[in-house]
Asks: 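I have a structure I would like to understand better, so I am pasting it below and will then ask my questions one at a time.
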Amino acid sequence: FPTRRSSDLIKYVDIHGRDIYATQTIKGVSGDYANGNDYIRNITTYRFVRTEPGRVQFDAKRRGTIKIVYEKEQKGAR
């Protein structure tokens, strides 16, 4: 009974849906979960907002996507 390998995408976007960082492909075993919080990164001049969805299940039949959403930092904000 072979394990089914699967891959999902992590997309880094701003609140308008524009890509702001290279999309990452992550690999896992079908049935396992990927947690979006594990892929949050610091992106200069952007502030993390949320992940959509928070986690996704690896599925050999279809590729899931987690969006890591950021917003532009306001100038002068601390």
Side-chain angles (χ1 to χ4, degrees):
F1 189 67
T3 35
R4 300 289 304 265
R5 286 262 165 231
S6 173
S7 65
D8 287 341
L9 298 177
I10 304 291
K11 290 181 72 82
Y12 296 90
V13 299
D14 68 12
I15 53 176
H16 307 291
R18 289 186 290 251
D19 290 325
I20 57 169
Y21 197 86
T23 297
Q24 190 178 346
T25 301
I26 56 170
K27 297 195 180 318
V29 176
S30 204
D32 286 355
Y33 285 88
N35 187 327
N37 290 331
D38 295 341
Y39 299 94
I40 296 167
R41 55 173 70 235
N42 290 324
I43 299 178
T44 311
T45 74
Y46 284 92
R47 187 174 68 79
F48 168 75
V49 178
R50 64 182 177 273
T51 62
E52 296 177 357
R55 66 179 196 158
V56 67
Q57 188 171 23
F58 287 106
D59 182 340
K61 291 183 205 55
R62 61 175 194 83
R63 178 171 280 183
T65 301
I66 296 177
K67 287 183 186 165
I68 316 281
V69 182
Y70 295 81
E71 68 182 4
K72 197 84 166 131
E73 283 180 352
Q74 300 306 312
K75 292 218 181 347
R78 280 273 159 253

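Nothing here was measured: the structure is a model prediction, and the numbers come from that model.
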Asks: Answer whether the closest heavy-atom distance between the side chains of R63 and L9 falls below 4.5 Å.
Replies: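 Counting from C-beta outward, R63 and L9 do come under 4.5 Å.
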Asks: For Q57 and D8, work out which heavy atoms get closest and say how close.
Replies: O-OD2, 3.9 Å
Asks: Looking only at heavy atoms, which two atoms of K72 and T45 are closest? And how far apart?
Replies: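 For K72 versus T45, the nearest heavy atoms are NZ-OG1, 2.9 Å.
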Asks: Using every non-hydrogen atom in the two residues, find where F58 and G28 come nearest and quote the distance to one decimal.
Replies: CE2-N, 3.6 Å
Asks: If you look at every heavy atom in V49 and E71, which pair is closest and at what distance?
Replies: CG2-N, 3.5 Å
Asks: Is any side-chain heavy atom of I40 closer than 4.5 Å to one of Y70?
Replies: yes
Asks: Hey, does V29 have a side-chain heavy atom less than 4.5 Å from the side chain of R5?
Replies: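 A side-chain contact under 4.5 Å exists here.
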Asks: Closest approach of S30 and A60, non-hydrogen atoms and distance?
Replies: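 Closest approach of S30 to A60, heavy atoms only: OG-N, 3.0 Å.
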Asks: Do I68 and I10 make a side-chain contact, defined as non-hydrogen atoms from C-beta onward lying under 4.5 Å apart?
Replies: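 In short, these two side chains touch, coming nearer than 4.5 Å.
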Asks: Taking distance alone, no hydrogens or angles, what donor-acceptor pairs closer than 3.5 Å link side-chain atoms of residues 11-26 to residues at least two apart or in another chain?
Replies:
from	atom 1	to	atom 2	distance (Å)
Y12	OH	Q24	OE1	3.1
Y12	OH	Y39	O	2.8
Y12	OH	R41	NE	3.4
D14	OD1	H16	N	2.8
D14	OD1	G17	N	3.1
D14	OD1	R18	N	2.9
D14	OD2	R18	NE	3.2
D14	OD2	R18	NH2	3.4
Y21	OH	R41	NH1	3.0

Asks: Side chains of K27 and S6 only: does a donor on one sit below 3.5 Å from an acceptor on the other?
Replies: no
Asks: Of all the heavy-atom pairs spanning T65 and P53, show the shortest one and how long it is.
Replies: O-CD, 3.7 Å
Asks: So do the side chains of T51 and K67 get within less than 4.5 Å of each other, counting heavy atoms only?
Replies: no
